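Order of the sequence lines sets the chain letters (A, B, ...), proteins ahead of strands, with each chain counted from 1. Just so it is clear, the structure is predicted and the values come from calculations on it, not from any experiment.
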Amino acid sequence: MKNFAARLITWHRHHGRHDLPWQQSRDPYRVWLSEIMLQQTQVATVIPYYQRFLARFPTLAELAAAPVEDVMALWSGLGYYARARNLHACARAVVVDHGGAFPHDPAAIAELPGIGRSTANAIAAFCFGARAPILDGNVKRVFARCFGIEGFPGTPAVEREMWHQAEALMPARQGGDYIQAQMDLGATVCTRGRPRCEACPLAEICVARQAGRQAELPVAKPRKALPEREAIVLLLCHEGRVLLEQRPPSGIWGGLLSLPELPAGADPEEYAQQVFGCEAGDWEELPGLVHTFTHFRLHLTPLRTRVRLLAQTREGGARWLDFSQLDDAPLPAPIRRILAGAQEAG
DNA sequence: AAGTCGGGGAC
DNA sequence: GTCCCAGACTT
């Protein structure tokens, strides 16, 4: 489709977003950091995290030199914590394998931890002027509508078709403006619900608009019923402190600190004593909460008790933290909420 | 090809 | 409440 890129680039000059915090620089470090944070995460959510992160780690070298725990703490609440681990690993790989500077070749960038084809291409196009297209949620939505592409874009077949389109449409020049234009159009005009077609530079050539099928394209993900899971978490309190344990590196909340989770069917009294060396007092059930993940719904029930310490905990990853230390701890969002409520309740 | 991985904005 | 977001990675 000729004119596709030209329409977008022209539109972007006057109607694109130009003031986002990571757009003030072509420093690959800042571009890369923003791209990772923005994976499956909206701009408004990312901005405060991005500012905090950059203030703590102004350069890639400082990030690479830091302990991964500090990175996790700054990521706490942002979700998809494998991104933070990969970010740290990537910084070290750039230092160790590439002399501290990102490679310019998109394929080489995509070899780095946490960087896939789309993110690698974005970095290469923004920072090095590469003719390398992206394919994110915005582009998929624009393509599906503009070209009338049927089928859920998450399937490999549809994705292959869209990558082919993306490669063919990518202009030789102004690549950075072009991919920024695609994302801006998807975020501000070709939105999921109620797209503003009257303001769209592609309106004349858009298949969905001509057919009045904006609401049907892109085809929605086929949904299954969410499985329900339940978990009991323990607040073992002792002299103003609470026991937290580190989660396994992979799985939900990988690598974060969390409240100890009672194994299914276990007795809290015995578990506290045998695993953590704590003699429990009276148990108090705190208000529970429901947290919905992408693929299941978790019902969390907190049980609180004051304990007497009998022995050293047998859990290597377990730590006593003062309630005043929780702000800086790498906690999952729902656990942070539970702890905040528990503190208020005394 | 399907499943795993968070949290919140927008509706 | 539901849907999905500047996706990557594992199985």
Q.
I'd like the P distance from B:dT4 over to C:dA6, given in whole Å.
A. 24 Å
Pairwise P distance for C:dT10 and B:dG6, with rounding to whole Å: 14 Å
For A:Glu204, does the CD atom sit with more than 12 other heavy atoms under 6.0 Å from it, leaving out its own atoms?
no
Would one find more than 12 heavy atoms of other residues, nucleotides or ligands at under 6.0 Å from atom CZ of A:Arg337? yes
With a non-hydrogen cut-off below 4.0 angstrom, is [X] in contact with a base, only sugar-phosphate, or nothing?
{"X": "A:Trp22", "result": "base"}
{"X": "A:Leu20", "result": "base"}
{"X": "A:Gly154", "result": "nothing"}
{"X": "A:Val43", "result": "base"}
{"X": "A:Gln180", "result": "base"}
{"X": "A:Thr119", "result": "sugar-phosphate"}

Expressed as a whole number of angstroms, how long is the span from [X]:[atom1] to [N]:[atom2]?
{"X": "A:Met72", "N": "B:dC5", "atom1": "CE", "atom2": "P", "result": "14 Å"}
{"X": "A:Arg85", "N": "B:dC5", "atom1": "CZ", "atom2": "P", "result": "14 Å"}
{"X": "A:Phe152", "N": "B:dG3", "atom1": "CZ", "atom2": "P", "result": "11 Å"}

Contacted region of DNA chain C by chain A, from 5' end to 3' end of the hits, cut-off under 4.0 Å to heavy atoms, spans C:dC3 to C:dC9
SB check A:Arg308 A:Glu239 (cutoff 4.0 Å):
no
message = Salt bridge check, A:Glu62 against A:Arg56: does any charged N sit closer than 4.0 Å to a carboxylate O?
response = no
Is there a continuous path of hydrophobic side-chain contacts, each under 4.5 Å between heavy atoms, that joins A:Tyr271 to A:Ile335? no
Walking DNA chain B from its 5' end, the first of A:Lys224 and A:Ile252 to be reached, judged by nearest nucleotide, is A:Lys224
Residue pair A:Arg83/A:Ala157 against DNA chain B: nearer the 5' end by closest nucleotide is A:Ala157
So [Y] and [X], do their side chains get closer than 4.5 Å, heavy atoms only?
{"X": "A:Tyr178", "Y": "A:Phe4", "result": "yes"}
{"X": "A:Phe57", "Y": "A:Tyr29", "result": "yes"}
{"X": "A:Phe143", "Y": "A:Glu161", "result": "no"}

Please list, for nucleotides 7-11 of chain B, all pairs of protein and nucleotide N/O atoms separated by less than 3.5 Å.
unit_1, atom_1, unit_2, atom_2, d
B:dG7, OP1, A:Tyr81, OH, 2.7
B:dG7, OP1, A:Ala333, N, 2.9
B:dG7, OP2, A:Trp253, NE1, 2.9
B:dG7, OP2, A:His291, NE2, 3.2
B:dG9, O4', A:Gln42, OE1, 3.0

Applying side chain to side chain donor-acceptor pair (under 3.5 Å), run through A:Thr191 and A:Arg141 and close with a yes or a no. CA-CA 8 Å; A:Thr191 51; A:Arg141 188 167 54 252; over 6 Å; no
